[in-house]
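First up is the structure itself, then whatever we jot down about it.
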Amino acid sequence: MKDSPAKTGTPRGLKFFYYLFLGILSIFGAVVIVQRLVIGMKVTALSSTIAWGMWVAFYIYFIGLSAGSFLLSTLIYVFGMKRLEKVGRMALVSALFALFGGLGFIWMDLGHPWRFWRIFYNWNYTSVLAWESLFYVFYILVIMGELWFLMREDFSRLSQEKTGGLGWLYRVLAFGVQTPSAEEEEKKLHQNSMKWVRILGIVGIPLAIGVHGGTGAIFAVVGARPYWFSGLFPIIFLVSALVSGAALMTFLYAFFGQRDEDHPSIVQEMAKLMVLFIFIDLLLLFAEYLVGWYSGIPTHAKIYHIIMFGPFPYTFWLGQVLMGMLIPILLALLPFTRKNVYFLGLAGLSAVIGIVAVRLNLVIPAYILPVLKGLDTAYYDKRWTYSYFPSYMEWATSIGLIAIVVLLFSVACEILPLFPWKTKEN
Amino acid sequence: MNEQENTKAESRREFLGKAMLAALGTAFLAGQVEAKASEAAPKEDFEVPEGDEHLIRMQRELKEALKKPAKERRWVMVIDLRKCVGCHACTISCIAENKLPPGVVYRPVIEEEVGSYPNVSMRFLPRPCMQCDNPPCTPVCPVHATWKDEEDGIVHIDYNKCIGCRYCITACPYGARSFDFGENYSDQTPKTSEYEEAPSFDWGKKWERKNGDSPIGNARKCHFCIHRVKEGMLPACTTTCIGHATYFGDANNPKSLVAELIGKPNVMVLKEELGTHPRVYYLV
């Protein structure tokens, strides 16, 4: 057969330090997560009044990354954007691991993590959160199914080529699929695979919209919090998910994609998509802020004031606006940076980090104003406060869990055939 | 006029004495209930004294209501904001009754300054759980751990089912739910105080806060002291209110004190526009 796909050009030494760094962080993460599970929720800086904090922000961040990456892959496999085909598998793999990250964060956030199974056992159909949990499960299955159909031919080839543990792993992953030797049949198998990928992709579109739009709905249905209580809220979640997905793919493909003649054009295409989504996001954000602010109703308008000029203005101005919007837009549009894949990759990275600020600002400000006037001074207790800054343990577990997810994702990217065996025509 | 005042004062004095006795009695009874929690102690059918004092009357009406089938009762709380002096006795008695840890408070009292000097006064607003007839907190629970009980009309929480996601805390428009972080007031002192190790009886069940077990890691809230009410005792906040500002009873009994009080134009509920239909009424 042909040569195996061109490996990315990362030097060996750099890779070693990358894995060493991630490995150390992951072990640290595992330790602090166990600590969190043993000690309980008192390790957080949360209170009875600010009930959701950084972990929930990271939960919606990762769910957003996942839904965004997945929807991007459907552009390729369902809507036939052939130019981006080489990004497809990477998008699906990151969708899968980002989802694991999101679920890890929300699991860690439960007061009784070991009772999570009750969501399925005592499933309550009136709860958006319960629906979401179902969505996540089906969504994982669809992503895994799609990945398998995409990769099964490569698994079977790799299982013949590799020996030892890896060969065994590929044999298991191939599930008994064998690439026929005849070219005619090989083509047939491939067509069958792509048919299934397309079907699963179609099923996945409403699922992915449900996964992140629904995650937005978890917040939007809460009538008690005017900041969230709007029909636009789930849509903002979706669009910012698309931003983060496109940004992540731009970054990953710019730095770790397949270096061939298509590489620059693919990265540029992704960056354009990202900018398009950022502009839609900006429009929605403007609509939401304008309507909320214009009325001047304190429970709604004050929150925007708090976000922009409150205790953490940098989250909004530096995170959400500068890193999440301005830098990516400028790098992707300025004439001397827009052709350079590395600048575009950095634009993606900037947006990926900036979206963290977006997520923090979607969750926490809703709690800053007491639901009843004067409730903030009605009782004095450190768990009855209206200010929040994540505790050391919240930072540590968050960094640790992110390191674990990135490590698993990186290993998966090393093992899985991320790019098609040979670029197929037609 | 004067005579009337005198009799009023007299009866007030008389009442205070009775209230002291009642309070002592309840404390004693509570102690008894705790001591004999394991045995099925025969329920003591105590005599309610004659008289029209609020506590006595509510106590008598409570006993009458308990004779009715559960579904025909409608427990409501009425709080007279004109009488509330902001002493926080209800907050404290609730914490004592339910052995609430740091961060968990079922009935804080909101204090607000009204007007400007020299026309200035304080307004106090005790805030228990509203026990809404259309609660926004129950449908959001992913695991059916909280519900509007058909029998007693209280918004219940099953601590053993609750996974601690805190969605209900987020959804309550009154901030009536709090989270048990598993802390103790005596943390970082050499010894956990005894009162913190004593079990609580939320929802009529015995709860020991140990080793991260429920109710640690759960959403917790006011339950109208339903464990007391079932035994014929008024909620702790009601019996300890020094200003007679808190009333409790069965609004389905048209002759009851609470029914009398909420049938007046000076009654209001919090955030009526949300359609939650609270069972806590305020007199203004």
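All heavy atoms count here, side chains included; hydrogens, waters and symmetry mates do not. Numbered from 1 within each chain, the chains take letters A, B, ... in sequence-line order.
A donor-acceptor pair under 3.5 Å links the side-chain atoms of A:His112 to the main chain of B:Ile216, judged by distance alone. In terms of modelled atom types and a separation under 3.5 Å, the side chain of B:Lys161 and the main chain of A:Asn122 share no donor-acceptor contact. The backbone N or O of B:Gly182 sits less than 3.5 Å from a side-chain atom of A:Lys42, completing a donor-acceptor pair. Side-chain atoms of A:Trp52 come within 3.5 Å of backbone N or O of B:Cys165 as a donor-acceptor pair. In terms of modelled atom types and a separation under 3.5 Å, the side chain of A:Arg115 and the main chain of B:Asn160 share a donor-acceptor contact.
Only the side chain of A:Val222 comes within contact range of chain B, with heavy atoms under 4.5 Å apart. Contacts between B:Ser214 and chain A at a heavy-atom distance below 4.5 Å involve backbone atoms as well as side-chain atoms. In this structure, chain B has a heavy atom under 4.5 Å from the side chain of A:Trp228, while its backbone stays farther away. At a 4.5 Å heavy-atom cutoff, A:Val38 makes no contact with chain B through either its backbone or its side chain. Only the side chain of B:Asp187 comes within contact range of chain A, judged by heavy atoms closer than 4.5 Å. Proximity to chain B involves both the backbone and the side chain of A:Ile218, based on heavy atoms less than 4.5 angstrom apart. Interface remark: B:Arg177 contributes backbone atoms only to the contact with chain A (heavy atom separation under 4.5 Å). Both the backbone and the side chain of A:Lys373 come within less than 4.5 Å of a heavy atom of chain B. With a 4.5 angstrom heavy-atom cutoff, B:Tyr159 touches chain A only via backbone atoms. In this structure, the portions of A:Arg118 lying under 4.5 Å from any heavy atom of chain B include both its backbone and its side chain. Residue B:Pro102 touches chain A through both its backbone and its side chain, counting heavy-atom pairs closer than 4.5 Å. Within the 4.5 angstrom heavy-atom criterion, only side-chain atoms of A:Tyr367, from C-beta onward, approach chain B.
The two residues A:Met41 and B:Phe181 come nearest to each other via the heavy atoms O-CD2, 3.5 Å. Among all heavy-atom pairs drawn from A:Arg225 and B:Ile169, the shortest one is NH2-O, 3.6 Å. Between B:Gly103 and A:Asp381, the shortest heavy-atom contact is N-OD2, 2.8 Å. When all heavy atoms of A:Tyr379 and B:Pro108 are compared, the pair lying nearest together is CB-CB, 4.3 Å. Counting all heavy atoms, side chain and backbone alike, A:Gly111 lies closest to B:Phe179 at CA-CZ, 3.9 Å. Of all non-hydrogen atoms in B:Pro139 and A:Asn124, the two that sit nearest each other are O-ND2, 3.6 Å.
More than 12 heavy atoms of other residues, nucleotides or ligands sit less than 6.0 Å from atom CD of B:Glu273. Other residues, nucleotides and ligands contribute over 12 non-hydrogen atoms within 6.0 Å of the CZ atom of B:Arg74. More than 12 non-hydrogen atoms from other residues, nucleotides or ligands lie less than 6.0 angstrom from CZ of A:Phe100. Atom OH of B:Tyr195 has more than 12 heavy atoms from other residues, nucleotides or ligands within 6.0 Å. Around CZ of A:Phe138, the count of heavy atoms belonging to other residues, nucleotides or ligands within 6.0 Å does not exceed 12. A 6.0 Å sphere centred on CH2 of A:Trp107 holds more than 12 heavy atoms belonging to other residues, nucleotides or ligands. No more than 12 heavy atoms of other residues, nucleotides or ligands lie within 6.0 Å of CD1 in A:Ile297, so this atom counts as exposed by the packing criterion. Within 6.0 Å of NZ on B:Lys83 lie more than 12 heavy atoms contributed by other residues, nucleotides or ligands.
Between B:Ile163 atom CD1 and A:Trp117 atom CH2 the span is 10.5 Å, to the nearest 0.5 Å. The structure places CG of A:Leu129 at 11.0 Å from SG of B:Cys168, a figure rounded to the nearest 0.5 Å. Between atom CG of residue B:Leu270 and atom CG of residue A:Leu372 there is a gap of 6.0 Å, rounded to the nearest 0.5 Å.
Of all the listed residues (A:Val43, A:Ile106, A:Thr44, A:Leu46), the one sharing the greatest number of non-hydrogen pairs under 4.5 Å with chain B is A:Leu46. Note on A:Phe120, A:Trp384, A:Tyr121: by heavy-atom pairs under 4.5 Å with chain B, the leading option is A:Trp384. Each of A:Thr385, A:Thr49, A:Val128, A:Leu375 has some count of heavy-atom pairs under 4.5 Å with chain B, and the biggest count is that of A:Leu375. Between chain A and the options B:Gly175, B:Ala171, B:Cys141, the largest number of non-hydrogen pairs under 4.5 Å is found for B:Cys141.
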